[in-house]
Amino acid sequence: MVSSPFAISSVLLLSIPLLFLLAPRILPPRQIPIPLSDEVDDLALFRRAAALDSAHSASNLPSSFTHLGATNPKLKIAFLFLTNSDLHFAPLWEQFFRGNEDLYNIYVHADPTVQVAHPAGVFEDRFIAAKKTQRASPTLISAARRLLATALLDDPYNAFFAILSQHCVPLHSFRFVHHALFAPPRVKSALSVESTRLPVRLRYSSFIEILSNSSSLWKRYTARGRYAMLPEVPFSKFRVGSQFFVLTRRHALVVVKDRQLWKKFKLPCLRSDSCYPEEHYFPTLLSMTDPNGCTHYTLTRVNWTGSTHGHPHTYRSAEISAELIYRLRQSNSNYSYLFARKFTPDCLQPLMNIAGTVIFRD
C-alpha cells in the first residue's frame, strides 16, 4: 500500500502520461469552432447563390455556366458528395452515371485537412472549395450548405440536390432515379405550381426525413442548454431526421438564405452525446418554413439495427448479395429507396459483380 508523500507524488506523476493516452477514448471529442473567416467566405457564397437565382427568376433565362456545369437546358440532379476519405465507390458511381451526361452534375466537398484522392472520370474537376469538417458538429451543416450554394450557382437547371457520403451506393439505375424524382408531381390545384415559366420552379417535394416523436428529442433540443434555442426555435418546432436528403431547388435556396436558425444551430453543445446538428438543422428549418412541401421521409436507406455510438450498421463484403439490394430498396412510402449506406471499401468488388444484373437492372 502506498503511504509516503514521495511515493504518492511519484504515482501521480507517472499517471499523467497514462491520462493523456486514455483521455481521447474516455472523453468525447471537442467540437471544432467555425473560424470567422470561414463564416465570411460562406456568407459571400450564399449571397451570390441567392442573388443569381433571383436574377434567373426575374429574367426567365439561364445564366452563363461555370466549368462544372453542362450547357443544355435539361432538368438535372445535382449529386453532392460530402467526404473526409477517398471515394472508394467511384467505379460503381461511374457506371451509374454512364450515358446520362446531360442529366446530372457532381460536386464533392472533401475535408482539406485529409488527403483525399481525386478520381478521374465523372469525378474529375468536381471538387469544390472546402473547409474542415467534424462529425456531430455544425461544420457538417456548413459543408452541406456550401455544396448546395455551389450547385445553385453553377447550373440553373439543377432541379434536385441529393446529399450523399463516400459510404453511399446507388440501389437503382440512373434512369430509375431520374424518373422517380421527375415524375409529374400531383397538382391538387393551380396554386400548387409556382407562377414562373422556369421549369425548375415546378412544385416538386423535397425528400427529407422530418421526425417530431423521437424518444431523444428533448435531450437533443437541450444539448446546448435548456433555453439556448429560444426564441427562434421553441421545442414544439424542433425536429430531427437523416442528414442525407434530396432537396428541390426552392428548398436549397431556403437553406442558403437562412441566417436566423443557423445562429442557433452553430452554438457549441454542452452534451456531445445528444448533439448531432446536421440531423437537426435541416429538418427543423424546412419543417418551420414549408412542411407541406416535404415528404417527411428520406430516399437513403440506413440500417440502425445494432448501432453503436451513433453509427449505423456497416455492411461488409460478405453481406453483399442480390437479396440485400432487393431488401434495401423496400420502404414504407410510395417510393423505393434510391440509395443506401453504410458500406466498407471492400464492398466495391462484390457490388460491381452484381451491378449490371441486379443494381442497375430495374
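All figures in this text were calculated on a predicted structure; none of them were measured in a lab.
For the pair M352 and P91, the minimum side-chain heavy-atom distance is below 4.5 Å. Residues L324 and Y326 form no side-chain contact, since every pair of their non-hydrogen atoms from C-beta on lies 4.5 Å or further apart.
Chaining together hydrophobic side chains whose heavy atoms lie under 4.5 Å apart places L36 alongside V40.
For F343 and H167, the ring centers are positioned 6.0 Å apart or more.
Among residues at least two apart or in separate chains, disulfide bond (SG atoms under 2.5 Å apart) pairs with a member in residues 273-326 are C269-C275. Listed by first and then second residue, the salt bridge (Lys or Arg N to Asp or Glu O under 4.0 Å) pairs that reach into residues 295-319 come to none, sequence neighbours excluded. Every pair passing salt bridge (Lys or Arg N to Asp or Glu O under 4.0 Å) that includes a residue from residues 279-300 is listed here, sequence neighbours excluded: R203-D290, R220-E279, R250-D290. Every pair tested for side-chain hydrogen bond (donor to acceptor under 3.5 Å, both in side chains) that includes a residue from residues 234-243 fails, sequence neighbours excluded, so the list is empty. Within the structure, the side-chain hydrogen bond (donor to acceptor under 3.5 Å, both in side chains) test picks out the following pairs touching residues 34-49 (sequence neighbours left out): E39-W262, E39-K266, D41-K131, D42-R146.
Judged as a side-chain contact (heavy atoms from CB on, under 4.5 Å), and not counting sequence neighbours, the contacts of K132 are I32, D111, T113. Remark: A78 pairs with L80, Y107, A151, N158, F161 by the side-chain contact (heavy atoms from CB on, under 4.5 Å) rule, at least two apart or across chains. With sequence neighbours excluded, the residues forming a side-chain contact (heavy atoms from CB on, under 4.5 Å) with L230 are Y221, Y227, P234, listed by chain and number. Partners of P291 by side-chain contact (heavy atoms from CB on, under 4.5 Å), not counting sequence neighbours, listed by chain and number: H296. Under the salt bridge (Lys or Arg N to Asp or Glu O under 4.0 Å) criterion, E278 pairs with no residue at all, not counting sequence neighbours.
In this structure, CZ on R341 lies 13.0 Å from CG on L328, to the nearest 0.5 angstrom. Atom-to-atom distance recorded for H118:NE2 and F127:CZ is 4.5 Å, nearest 0.5 angstrom.
With hydrogens and angles left out, the side-chain atoms of T83 and H109 include no donor and acceptor closer than 3.5 Å. Between the side chains of Q166 and S85, a donor-acceptor pair is found at a separation under 3.5 Å. For D258 and Y281, the side-chain atoms include at least one donor-acceptor pair closer than 3.5 Å. For the 3.5 Å distance criterion, the side chains of T133 and N84 fail to qualify, holding no donor opposite an acceptor. Between the side chains of T305 and H313, no donor N or O sits under 3.5 Å from an acceptor N or O.
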Donor-acceptor pairs under 3.5 angstrom involving side-chain atoms of residues 174-181: please list them, not counting sequence neighbours.
| residue | atom | partner | partner atom | Å |
| --- | --- | --- | --- | --- |
| R175 | NE | N100 | OD1 | 2.7 |
| R175 | NH2 | N100 | OD1 | 3.1 |
| H178 | NE2 | L75 | O | 3.4 |

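Cluster annotation: V302 and F207 are assigned to distinct hydrophobic clusters (Ile/Leu/Val/Met/Phe/Trp/Tyr, side-chain heavy-atom contacts under 4.5 Å, transitive).
By the 30° and 60° cut-offs, the orientation of the rings of F97 relative to F79 is perpendicular. Using the six-membered ring where Trp is involved, F123 and F81 have ring planes that are perpendicular, over 60° apart on the 30 and 60° scheme.
E101 places a side-chain N or O within 3.5 Å of a backbone atom of G99 that can act as its donor or acceptor partner. For S287 (side chain) and I210 (main-chain N/O), no donor-acceptor pair under 3.5 Å exists by modelled atom type.
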Query raised in the report: After noting the C-alpha distance and the side-chain angles of W93 and L87, does the key distance pass the side chain to side chain contact (heavy atoms under 4.5 Å, CB included) rule?
Result: CA-CA 10 Å; W93 285 106; L87 298 171; over 6 Å; no
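In plain terms, the two heavy atoms of F282 and A144 that are nearest each other are CZ-CB, 3.6 Å.
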